[in-house]
Amino acid sequence: MNFRLLVFYISAIIALSLASVSYFYVQNWTHFAFIAVVSLIISFILLTNILHRHILNRISNIYKLIRSLKLGKDMKVLLAEHASEDPILSTEREVKNWAIQKSSEIDQLKAQEKFRREFLSNISHEFKTPLFAIQGYIETLKDGMIEDDIEMANNFLNKASRNIDRLTYLLNDLDQISKLETGQITINKEKFDVIELILETVDHLIDKARKQNIDIVIDIKNNSPIYVKADKQRIQQVLVNLIDNSIKYGKQDGKTKINIYPLFDQILVEITDNGFGIEEKNISRVFERFFRTDKSRSRDIGGSGLGLSIVKHIIEAHQQTVHARSTEGIGTTFGFTLEKAKGNT
Ligand SMILES: Nc1ncnc2c1ncn2[C@@H]1O[C@H](COP(=O)(O)OP(=O)(O)OP(=O)(O)O)[C@@H](O)[C@H]1O
Ligand SMILES: [Mg+2]
């Protein structure tokens, strides 16, 4: 109920009671009406003032508490904002909003906590696998394999060394993600021809593609360069991971297609393969750190699942977007945008 209406009803009850008492003694209707009106006005003014002060003081204390916890608005600001409204109603609304905001913050904190726990378990798992392998090889070598079978010992040393390389890649990737997240890696934008960069990157990966007899086709309409403004080295990293994924998760004798689409003030680069694809439910998760689909885990291909997370960070640090679409058994497309270079900049 509205605050003023409530005060009015209470005042009316008081006024009627007083007027009835006076009628009982004086037996005069004019006198009754006079007492009723006067006491209604006086009790309305008094009650409004007393209750207002009393309630507002308490609300003010609640606000002081909220404010001291840096959680809400200043009471004065609130009252100024809702000067024409009922203070109890506006306070109720403010507190409700505040509670909703707090509960969404708590949900966010819970999600972060869950993410942190998963991250720690993923990271220890990723480190354990190569470490245990190295430990196994070294134990066997220590147990006399060097004297018994030098060829096998060499083989074990090579395997141990490959596992150390894997640990090094993992650490480098993690180091890069944390630097990108904390803004320690700065994006040095320059003007360059994206077609030239794509050709150069494909050149690095062509041997790997040939091993699986995968054809890499670059769809260039004409031979003219397309200039973009971005960090060339980081964009090459993006291209390497996306093309490398298209080969790793592509099929034998398959095809990787690279398309470049000019947009208004951006260009869109898309890398499409006809590999085993990604399940619908996993598409949005492939950019998460350490995420690998069950298929790539079971076939023991792929790396640690950090590549696409780095790709996302790099593209977002350029204020651009990256997306994925895929149909299981048909293939996958990853696309990202880049800023077109204007004039000489
Ligand atoms: N083109 C693709 N086709 C099918 N699945 C893909 C494709 N690209 C990525 N994926 C899936 O997404 C996962 C994450 O990819 P991401 O590049 O982040 O990691 P990775 O390739 O496994 O390891 P890294 O890139 O760190 O060496 C992959 O493990 C794979 O399951
Ligand atoms: Mg990858």
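What you see below is based on every heavy atom in this structure, not just the backbone, and it leaves out hydrogens, waters and symmetry mates. All ligand and atom numbering here is 1-based and tracks the order in the structure. We're numbering straight along the sequence, starting at 1.
Only the side chain of Thr332 comes within contact range of ligand 1, with a heavy atom under 4.0 Å; no backbone atom does. If you look at Asp244 next to ligand 1, there are no close heavy atoms at all, none under 4.0 Å. Contact annotation for Asp273 and ligand 1: only side-chain heavy atoms (C-beta onward) come within less than 4.0 Å of the ligand.
Looking at Glu126 and Arg166, a side-chain N of the basic residue comes within less than 4.0 Å of a carboxylate O on the acidic one, giving a salt bridge. Salt bridge status for Asp207 with Lys211: absent, with no side-chain N to carboxylate O gap under 4.0 Å. A salt bridge does not link Lys257 with Asp219: every distance from a Lys NZ or Arg NE/NH1/NH2 to an Asp or Glu carboxylate oxygen is 4.0 Å or more.
Ring pair Phe115/Phe119 is parallel by interplanar angle, where below 30° counts as parallel and above 60° as perpendicular.
Atom numbering of ligand 1 starts at 1 in the shown order; those under 4.0 Å from a heavy atom of Thr293 are 31 (O). Near Lys248, meaning under 4.0 Å from one of its heavy atoms, ligand 1 places the atoms 20 (P), 21 (O), 23 (O), 27 (O). Taking every non-hydrogen atom of Ile278 and a distance limit under 4.0 Å, the qualifying atoms of ligand 1 come out as 4 (C), 5 (N), 6 (C).
Considering only heavy atoms from C-beta on, Gln101 comes within 4.5 Å of Glu105 through its side chain. Under the 4.5 Å side-chain criterion, counting only non-hydrogen atoms from C-beta, Val238 is not in contact with Arg234.
Note on ligand 1: Gly305 sits in its first shell, one or more heavy atoms being nearer than 4.0 Å. For Phe334, the heavy-atom gap to ligand 1 drops under 4.0 angstrom.
Geometry note: the Mg ion (ligand 2) is the vertex, Asn245 OD1 and Asn241 OD1 are the arms, and the angle is 100° (rounded to 10 degrees).
Comparing Tyr169, Tyr249, Phe276 against atom 20 (P) of ligand 1, the shortest heavy-atom distance belongs to Tyr249.
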